[in-house]
Enquirer: 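I have a structure here, written as structure tokens, and I will follow up with some questions on it.
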Number of protein chains: 2
Amino acid sequence: MTRQRRVILEEMQIPGKHLTADEVYQRVRRRLPNISLGTVYRNLEILSRIGRIKKLHLGGGRKLYDGGLHLHYHVRCVKCGKVSDVPAGPFGDLETAAGKTSEFKILGHQLEFEGICKECQKDE
Amino acid sequence: MTRQRRVILEEMQIPGKHLTADEVYQRVRRRLPNISLGTVYRNLEILSRIGRIKKLHLGGGRKLYDGGLHLHYHVRCVKCGKVSDVPAGPFGDLETAAGKTSEFKILGHQLEFEGICKECQKDE
DNA sequence: TTTCTTGCAAAGGGTTTGCAAAATA
DNA sequence: TATTTTGCAAACCCTTTGCAAGAAA
């Protein structure tokens with residue numbers, strides 16, 4: 001656990017926020033001005049592999065990193081791209097249901113809603 | 001509706017299959033050898049915007065295009081990346097539930113399961 | 001010391017875009 | 001004819017990677 005990795009992890013602890021790799025880079029650079037973007041990418045990959053953060057691939061096509069590990073879903077604004085958390089369920093046991101109709105051994109799931117955020121609703 | 005667009009749409013009609021832009025390009029090229037990759041990208045974008053196909057951003061980070069318009073979900077193998085359809089629900093009314101806890105006006109949702117496909121289960 | 005990680009810069013892969021020519025409505 | 005779309009190629013992200021120097025275990 002290097003200094004860089006620790007700071008990256010700390011800077012990801014923003015409840016309800018989801019950052020691109022470059023946003024993480026910008027934040028971390030305020031504390032470690034010499035860190036490189038490559039290091040940020042490498043550590044985001046490692047941290048998500050060991051389960052300290054979550055990598056999201058949402059509909060907008062952007063890769064986002066989420067420091068929040070509690071079970072929750074996401075909603076993305078189709079107008080401005082803003083992503084917010086949606087508290088999880090209770091949505092029944094989705095995985096059990098899927099396991100009955102699929103030949104896959106189900107290990108997990110991701111649920112993403114799309115809609116229009118409060119600000120964009122005003123603009124309509 | 002140009003010839004290129006029509007052929008692209010036709011080549012996407014493979015039940016249960018999900019293609020990358022390049023796979024679409026390869027398929028279409030068998031019928032229209034001079035089509036360019038740019039044209040494929042432009043038409044996939046247009047077709048998904050007008051709702052004739054669906055653009056998927058699954059966990060693997062890959063962008064896939066799906067010609068199947070019936071309501072269904074997807075499951076992705078975490079070992080080999082294979083993507084299969086999962087019949088939808090009945091999973092209750094996910095969007096109504098999300099609308100109660102979110103300030104967004106909910107318009108839709110995508111649900112992706114991850115697991116291990118039949119073939120990869122054998123290898124374990 | 002041995003192994004892992006860093007910063008740098010270059011390479012890589014997928015996607016988008018400007019343009020003039022061609023096709024469509 | 002007016003508008004849209006095409007093929008081509010270059011440009012454009014974003015992300016990954018090779019390397020030698022540096023830090024961590």
Side-chain angles (χ1 to χ4, degrees), chain A residues 1-12 17-67 74 76 78 80-83, chain B residues 1-12 17-67 74 76 78 80-83:
Chain A
M1 178 64 74
T2 60
R3 207 148 83 85
Q4 288 87 337
R5 190 169 301 163
R6 191 171 350 98
V7 173
I8 289 170
L9 190 50
E10 285 169 12
E11 290 297 328
M12 307 256 349
K17 263 236 159 198
H18 317 83
L19 305 172
T20 63
D22 196 68
E23 286 167 344
V24 175
Y25 175 56
Q26 299 302 338
R27 289 181 65 88
V28 170
R29 223 145 69 107
R30 299 185 309 208
R31 293 173 57 189
L32 303 174
N34 293 322
I35 196 170
S36 76
L37 188 52
T39 297
V40 171
Y41 272 104
R42 276 184 288 232
N43 278 301
L44 289 173
E45 186 56 37
I46 291 169
L47 289 169
S48 78
R49 202 163 55 228
I50 64 177
R52 302 292 299 265
I53 63 175
K54 279 178 76 177
K55 200 199 274 193
L56 308 177
H57 303 263
L58 301 185
R62 304 182 305 164
K63 262 185 217 176
L64 297 178
Y65 297 87
D66 188 345
H74 296 101
R76 176 179 49 88
V78 295
C80 70
K82 181 184 173 190
V83 175
Chain B
M1 179 64 72
T2 60
R3 206 147 83 86
Q4 288 88 338
R5 189 168 302 164
R6 190 170 352 97
V7 173
I8 289 171
L9 189 51
E10 285 169 11
E11 290 297 328
M12 306 262 339
K17 264 238 157 197
H18 318 82
L19 305 171
T20 63
D22 196 67
E23 286 166 345
V24 174
Y25 174 57
Q26 299 302 337
R27 289 180 65 90
V28 170
R29 223 146 67 108
R30 299 185 309 209
R31 295 172 56 188
L32 303 174
N34 293 322
I35 196 170
S36 75
L37 188 52
T39 297
V40 172
Y41 272 105
R42 276 184 287 231
N43 278 301
L44 288 174
E45 187 56 37
I46 291 169
L47 289 169
S48 78
R49 203 163 53 229
I50 64 176
R52 302 292 298 265
I53 63 176
K54 278 178 76 177
K55 198 199 277 192
L56 309 177
H57 301 264
L58 301 185
R62 303 184 306 164
K63 263 184 216 177
L64 298 178
Y65 297 88
D66 186 346
H74 296 99
R76 176 178 49 88
V78 294
C80 71
K82 182 184 172 191
V83 175

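Proteins come first, then strands; the chains are lettered A, B, ... in the order of their sequence lines, and each starts at number 1. What you see is a predicted model, and the numbers here were worked out from it, not measured in a lab.
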Enquirer: Nearest 0.5 Å please: distance from the CZ atom of A:R52 over to the CG atom of A:L9.
Expert: 5.0 Å
Enquirer: Name all residues meeting the salt bridge (charged side-chain N to carboxylate O under 4.0 Å, His left out) criterion together with A:R42; count only those two or more places apart in sequence or in a different chain, and write none if there are none.
Expert: none
Enquirer: Within this structure, what is the NE2-NZ distance for the pair B:H18 and B:K54, rounded to the nearest 0.5 Å?
Expert: 9.5 Å
Enquirer: Under 4.0 Å from a heavy atom of chain B: give me the 5'-most and 3'-most nucleotides of DNA chain C that qualify.
Expert: C:dG14 to C:dA25
Enquirer: Can you find a heavy atom in the side chain of B:R62 that is under 4.5 Å from one in the side chain of B:V83?
Expert: yes
Enquirer: Run the salt bridge (charged side-chain N to carboxylate O under 4.0 Å, His left out) test against B:K63 and tell me which residues pass, sequence neighbours left out.
Expert: none
Enquirer: With side chains defined as the heavy atoms from C-beta onward, is the minimum distance between A:L44 and A:K55 less than 4.5 Å?
Expert: no
Enquirer: Distances for protein N/O vs nucleotides 21-25 of chain D N/O pairs under 3.5 angstrom?
Expert:
unit_1	atom_1	unit_2	atom_2	d
D:dA25	OP1	A:M1	N	3.4

Enquirer: Hey, can you pull the residues of residues 24-40 of chain B with a non-hydrogen atom under 4.0 angstrom from DNA chain D?
Expert: B:N34, B:I35, B:S36, B:T39
Enquirer: For A:I46, check side-chain contact (heavy atoms from CB on, under 4.5 Å) against everything at least two apart and list the hits.
Expert: A:R5, A:N43, A:R49
Enquirer: B:V28 versus B:Q4: any side-chain heavy-atom pair under 4.5 Å?
Expert: no
Enquirer: Report the residues that fulfil salt bridge (charged side-chain N to carboxylate O under 4.0 Å, His left out) with A:K17, sequence neighbours left out, ordered by chain and then residue number.
Expert: none
Enquirer: With sequence neighbours left out, write down each residue that passes ring-ring contact (aromatic ring centres under 6.0 Å, His included) with B:H57, or none if nothing qualifies.
Expert: none
Enquirer: Under 4.5 Å between any side-chain heavy atoms of B:D66 and B:I53, yes or no?
Expert: no
Enquirer: Counting only non-hydrogen atoms, which of residues 41-52 of chain B are less than 4.0 Å from DNA chain C?
Expert: B:Y41, B:R42
Enquirer: Got more than 12 heavy atoms from elsewhere within 6.0 Å of CZ, A:R27?
Expert: yes
Enquirer: Going by salt bridge (charged side-chain N to carboxylate O under 4.0 Å, His left out), name the residues that satisfy it together with A:E10, two or more places apart in sequence or in a different chain.
Expert: A:R31
Enquirer: Taking side-chain contact (heavy atoms from CB on, under 4.5 Å) as the definition, give me every residue that meets it alongside A:Y25, ordered by chain and number, with sequence neighbours left out.
Expert: A:D22, A:R29, A:I35, A:L37, A:V40
Enquirer: Measure the angle between the two terminal helix axes of the helix from C:dT1-D:dA25 to C:dA25-D:dT1, five base pairs each, and quote it to 10°.
Expert: 50°
Enquirer: Can you tell me how far apart CG (B:L56) and CZ (B:R76) are? Round to the nearest 0.5 Å.
Expert: 12.0 Å
